[in-house]
Amino acid sequence: MERSFDPHAIERELYEEWEAAGYFAPSGEGSEYCIAIPPPNVTGSLHMGHAFQHTLMDALIRYHRMNGRRTLWQMGTDHAGISTQMLVERQLNGEGKTRREVGRDAFIERVWEWKERSGGNISRQLRRMGSSVDWSRDRFTLDDGFAGAVMDVFVRLYEEGLIYRGKRLVNWDPQLATAISDLEIENREEDGHLWHFRYPLKDGATTVDGKDYLVVATTRPETMLGDTGVAVHPGDERYRHLVGKVATLPLVGRALPIVADEYVDPEFGTGCVKITPAHDFNDNQVGARHGLPLENIFTARAAINENAPEAYRGLDRLEARKRIVADLDALGLLDGVEPHRLTVPRGDRSEAVVEPWLTDQWFVKIAPLAEAAVAAVENGDIEFVPNQYANVYFAWMREIQDWCISRQLWWGHRIPAWYDADGNIHVGRTEAEARLKGNLSGEVVLTRDEDVLDTWFSSALWTFATLGWPAETNELKRFHPTDVLVTGHDIIFFWVTRMIMMTLKFMGEVPFRKVYIHGLVRDAEGRKMSKTKGNGLDPLDLIDGIVLEDLVRKRTENLTQPRMAPRIEKDTRKDFPKGIPSFGTDALRFTFCALASTGRDVRFDLSRTEGYRNFCNKLWNAARFVLMNAREHPLDGPAEPGLAGRWIQSRARRLVEDCHLALETYRFDLYANAIYEFAWHEYCDWYLELAKPLLWDENAPLAHQTGARRTLVTVLELLLRAAHPILPFITETIWRDVAPLLAKAGPSIMLEPFPQSGDLAADPEAEASIDWLKGVVTALRNIRGEAGIKPGREIDVLLQGGDARDRDLAASSGYLLQRLAKVSSIDWLPRGERPPANALALVGELKVMVPLAGVIDIDAERARINKQIERKQKELQRIGGKLGNEKFVRNAPPAIVEKERNKAADVQSALTTLKQQLDSLA
RNA sequence: GGGUGUUUAGCUCAGUUGGGAGAGCGACGGCCUUACAAGCCGUAGGUCGCAGGUUCGAGCCCUGCAACACCCA
């Protein structure tokens with residue numbers, strides 16, 4: 001083995017081998033375990049969120065596979081309508097063409113080409129992460145079978161009246177020229193203005209203060225062209241007499257009825273609100289209540305349309321805004337302008353300001369579906385981990401709105417609806433079916449709906465459509481419902497809710513039994529990682545490393561906002577002055593697990609990854625040590641594990657218990673910590689050191705040496721299996737060297753059983769003994785460190801006090817004690833005898849002393865003792881306070897009181913000893 | 001405006017029925033000890049956001065406040 005661990009030498013090769021051997025496919029006859037991968041965007045690339053998520057899923061998958069479950073990790077990718085189409089359109093625009101020029105069929109052809117060319121990216125990257133997905137069952141949301149399922153669902157919902165087409169106010173993205181759903185909106189606080197306009201009153205009406213006009217305020221002056229009313233609060237004394245009267249819309253001349261509606265906040269502005277039912281969701285409702293007409297004034301690109309006065313037609317909305325304000329000002333109808341902070345809705349893809357716009361769209365009537373979905377979580381059929389997300393789910397589901405599922409795009413599942421010349425709608429899985437159902441002859445000309453379905457409509461079917469639905473396949477029977485969905489809290493509404501609703505509807509069962517929600521990966525400052533901010537990290541750069549110049553280039557090229565480049569470059573050079581070293585996949589995976597605590601967002605800290613890279617190296621070197629010492633010797637024959645051997649096996653049993661518990665409860669952090677702690681601080685720091693003296697001692701009995709070697713190998717092998725789900729590559733590599741020593745002939749650690757605590761004996765006696773030994777060794781190291789005794793120098797040790805147990809332990813572990821603490825002699829001093837000047841440490845009642853004899857600085861020793869005295873006094877004070885409290889003694893459980901009393905006695909006794917020691921140093 | 005979460009060592013975070021405040025990184029001191037300097041040994045550092053309350057006892061339970069983050073309107 002190499003002197004240090006080199007991930008690159010092993011990772012790719014091992015993965016190819018596993019995949020070729022078919023280890024990722026379900027096997028064995030155990031009960032099924034299944035996770036459906038949240039399908040990544042087919043043309044996307046791996047970001048930190050994916051890497052995080054896939055690490056957790058792979059850990060679960062490998063764990064359950066090793067536990068003997070028949071395990072399927074269903075792979076697949078999503079066509080990601082809007083973002084993929086935007087990407088290809090941008091390429092097209094770069095060539096000076098638009099998609100309309102190219103035409104629908106050619107454009108879709110082009111997207112497919114792009115998919116074929118770049119679709120392999122994400123798969124390659126997933127392989128680098130070590131993800132053991134079943135590639136043989138790879139699916140795509142636009143593949144033929146999946147498309148069939150989507151059509152089927154659409155038609156069935158339509159036939160049941162759960163899908164309808166309607167003219168509604170929708171969120172319209174004028175840049176993409178498509179409707180988007182509520183969820184695709186990002187509301188941002190931005191600086192704007194509040195304009196006050198005078199709307200003249202008709203028929204000589206006046207306000208209470210005698211004015212012949214009303215003042216309305218707006219943040220979007222251009223929409224006034226579509227005003228069809230003015231509203232006031234019904235209880236507002238200032239305007240009560242005007243309700244039912246009429247105002248005139250300036251520039252347009254339209255008569256605006258004045259209506260009373262609770263919606264109006266009398267405290268805000270003048271208490272008069274202009275009502276634009278076709279361009280504002282609230283106004284739309286007010287308008288509906290009072291029968292106000294809808295007046296659409298925008299085109300699909302948010303320019304002013306022919307319904308507006310000629311002067312404004314064709315103007316972009318912002319241009320129109322300026323003109324309108326200027327024109328009103330010229331007419332003396334501008335009553336004032338003030339700066340105003342407002343919430344602006346923007347499309348999450350295009351970042352364009354979204355307009356409420358009146359169009360024909362397809363909707364899913366959601367309430368009937370939501371009911372069962374809420375019940376499934378209420379009654380525990382589906383469990384959220386952590387549980388707090390159930391509340392987020394409920395809150396959303398109980399106020400859920402109908403789902404706008406049509407998108408004015410070309411890339412996606414085209415809506416299976418056809419229109420005849422009279423505008424009648426015919427829905428069917430195919431045009432033929434639509435004709436058949438509509439009883440239409442071949443002569444009737446049908447035109448298919450131009451729109452496609454929201455991407456989430458198809459991914460809502462993910463768990464069952466990937467398994468073959470609507471066919472009743474074996475896989476569907478065996479693997480559905482899946483066991484757990486692993487996803488981020490950002491897509492609970494987009495995806496989790498819709499999967500639950502659709503799956504309950506069409507499968508009659510839940511899609512998954514648990515939903516594990518993990519946090520989002522943020523940068524070291526807690527900011528969201530994004531291309532725009534240039535603070536993102538590519539997981540592969542952490543695995544393979546990247547030099548600074550490449551990193552800077554990568555972060556600054558192809559920016560949507562090129563002006564950010566200098567800033568990004570500066571930050572990058574500051575944060576990664578030496579680029580990023582190569583850490584390897586295992587170290588990255590370990591980092592993600594260790595950071596995955598209770599579902600909160602994680603700040604990604606490179607120094608953690610570095611630490612876990614070091615951990616991998618530690619494991620590697622421990623294995624080197626074990627192999628060096630065990631390879632040349634037979635491991636069978638009489639073997640005596642000894643106290644240390646019994647101890648480490650007992651500790652290993654605890655490790656195994658902890659691992660199972662942590663993984664069953666999705667505490668990946670506790671799992672990672674348990675592995676780290678055991679491997680480094682128990683196995684390496686102590687057991688290896690305890691084994692060394694025996695291995696190196698020519699006079700040691702063979703059975704003891706064999707026992708130590710066997711223990712070294714068996715515990716290492718067990719540790720490798722326990723760590724495999726999180727560190728697949730390094731564990732496999734080492735395991736292949738180690739397993740043969742135990743006559744294990746399996747081809748891969750992947751196929752070995754996860755350790756069970758029943759395999760190991762609990763040994764409290766050995767644990768107590770080694771704890772004692774560690775206490776004495778640590779005490780002596782402390783004296784050495786504090787007193788500045790050279791590490792190489794051997795010391796004499798005097799023991800005094802203590803009880804029979806101390807004597808037994810000193811006798812039984814004296815051999816180890818001497819070697820671990822570089823002790824040349826151990827002698828007992830009779831109780832009561834005055835020791836020579838010494839440095840003292842206490843292990844319980846036992847005095848552990850190192851005679852000064854010129855090796856120790858008396859002043860330093862006095863300082864050290866004083867420090868301990870101070871500490872003990874503080875402790876005694878605290879305990880004394882408790883025991884002095886009558887209520888405590890009376891009310892606390894006797895066991896607690898007893899414990900405190902014993903503690904007080906121990907501390908008191910230690911204090912006495914320390915004080916004597918201080919006197920003796922005087 | 002409503003909701004959820006967070007606030008523990010310099011930094012990032014654990015702390016599982018309320019009963020002796022922990023880890024990693026960083027800092028400081030000492031070591032090239034024959035697996036590992038990506039290492040070993042030792043040390044320092046915290047009024048557990050603030051104010052109340054419940055309790056014999058609160059990092060943990062309750063109330064209020066503050067700051068930050070996210071979600072919804």
Side-chain angles (χ1 to χ4, degrees), chain A residues 1-5 182-183 185-187 265 281-282 343 386 388-389 391-392 394-396 399 489-490 492-493 519-520 522 524-528 581 583-584 587 591 594-629 661-662 665 667 669-670 672-673 676-677 680-681 684-685 688-689 692 696 712 777-778 780-792 819-822 864 867 875 878-879 881-893 895-897 899-900 903 906-907:
Chain A
M1 283 173 91
E2 297 297 320
R3 235 177 110 80
S4 62
F5 172 56
D182 298 350
L183 290 173
I185 305 282
E186 270 181 33
N187 289 304
D265 175 4
F281 287 99
N282 288 315
T343 308
Q388 74 225 23
Y389 287 107
N391 295 331
V392 177
F394 287 136
W396 167 257
E399 292 190 23
H489 56 70
D490 52 336
I492 292 178
F493 305 142
L520 270 33
R522 296 170 176 281
E525 274 83 49
R527 296 169 306 178
K528 220 167 169 175
F583 295 122
T591 311
L595 292 174
S597 52
T598 48
R600 52 195 271 183
D601 289 354
V602 299
R603 293 189 184 204
F604 194 85
D605 185 354
L606 218 56
S607 67
R608 290 289 284 264
T609 311
E610 187 182 351
Y612 295 127
R613 187 266 319 255
N614 296 352
F615 174 70
C616 289
N617 190 49
K618 186 78 180 174
L619 195 58
W620 182 261
N621 276 287
R624 275 206 326 145
F625 174 83
V626 171
L627 289 168
M628 278 165 57
N629 284 283
L661 181 64
T665 53
R667 288 300 303 269
D669 58 329
L670 299 183
N673 286 339
Y676 185 97
E677 175 68 22
W680 199 316
H681 297 306
C684 289
D685 283 356
L688 258 49
E689 298 306 320
K692 278 177 186 173
W696 294 346
L712 280 171
V777 170
T778 305
L780 288 169
R781 283 179 183 164
N782 178 302
I783 289 174
R784 270 182 189 280
E786 294 281 287
I789 302 173
K790 290 278 175 229
R819 282 156 184 80
L820 259 60
K822 282 224 166 148
R864 197 175 68 88
K867 203 166 59 188
E875 201 178 342
R878 193 182 54 77
I879 302 171
K882 257 184 164 181
L883 287 169
N885 183 345
E886 206 184 309
K887 288 179 184 167
F888 170 72
V889 179
R890 199 171 54 227
N891 294 325
I896 296 291
V897 179
K899 207 167 118 192
E900 292 294 326
K903 225 186 304 177
D906 290 348
V907 173

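If you're wondering where the values come from, they're calculated on a predicted model, not measured in any experiment. Lettering of chains follows the sequences in order, A, B, ..., and the numbering in each one begins at 1.
Nucleotides B/C71 and B/G24 have their C1' atoms positioned 31 Å apart, rounded to a whole Å. Nucleotides B/C70 and B/U55, compared at atom C1', are 35 Å apart to the nearest Å. Between B/A14 and B/G5, the distance separating the two P atoms is 15 Å to the nearest Å. Nucleotides B/A58 and B/C65 are separated by 23 Å at their P atoms, to the nearest Å. Between B/U7 and B/G15, the distance separating the two P atoms is 10 Å to the nearest Å.
The ring of A/Y612 has its center no closer than 6.0 angstrom to the ring center of A/F583.
Between B/C70, B/G42, B/A35, one nucleotide has an atom nearer to the side chain of A/N782 than all others, and that is B/G42. Candidate nucleotides B/C40, B/C36, B/G42 were compared by shortest atom distance to the side chain of A/N617, and B/C36 ranks first. Side-chain atoms of A/M628 lie closest to B/A35 of the nucleotides B/A35, B/C36, B/A73.
At least one side-chain nitrogen or oxygen of A/W680 sits closer than 4.0 Å to the OP1 or OP2 atom of B/C40. OP1 or OP2 of B/C36 has not a single side-chain nitrogen or oxygen of A/N614 nearer than 4.0 Å.
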**Contact letters for nucleotides 13-23 of chain B, in which S counts primed atoms plus P, OP1 and OP2 and B counts the base, heavy atoms under 4.0 Å** = SSS---BB---
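Rounding to whole angstrom units, CG of residue A/L606 and C1' of B/G26 are separated by 15 Å. One can place CG of A/L688 at 14 Å from C1' of B/U34, the figure rounded to the nearest angstrom. Per the geometry, CG belonging to A/N391 stands 10 Å off C1' belonging to B/G3, to the nearest Å. Here B/C36 presents its C1' atom at 15 Å from CG of A/L712, a figure rounded to the nearest Å.
Heavy atoms of A/F493 sit under 4.0 angstrom from primed sugar atoms or phosphate atoms, though from no base atom. Among the heavy atoms of the strands, none lies under 4.0 Å from A/R784. Within the 4.0 angstrom heavy-atom criterion, no nucleotide atom of any strand lies near A/C616. The residue A/S607 sits close only to the backbone: its heavy atoms come under 4.0 Å of sugar-phosphate atoms, none of a base.
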Using a cutoff of under 3.5 Å, can you pull out all pairs of nitrogen or oxygen atoms linking the protein to nucleotides 29-33 of chain B, with atom names and distances?
none

Look for any protein N or O under 3.5 Å of an N or O in nucleotides 44-47 of chain B and output each such pair with its distance, or none.
residue : atom : partner : partner atom : Å
B/A44   : OP1  : A/R871  : NH2          : 2.6

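Annotation for A/C684 and A/L688: closest pair O-CB, 3.5 Å, computed over non-hydrogen atoms.
Projected onto RNA chain B by closest heavy-atom contact, A/V777 and A/R613 fall at different nucleotides, the more 5' of which corresponds to A/R613. Between A/E786 and A/K887, the one whose closest nucleotide on RNA chain B sits nearer the 5' end is A/E786.
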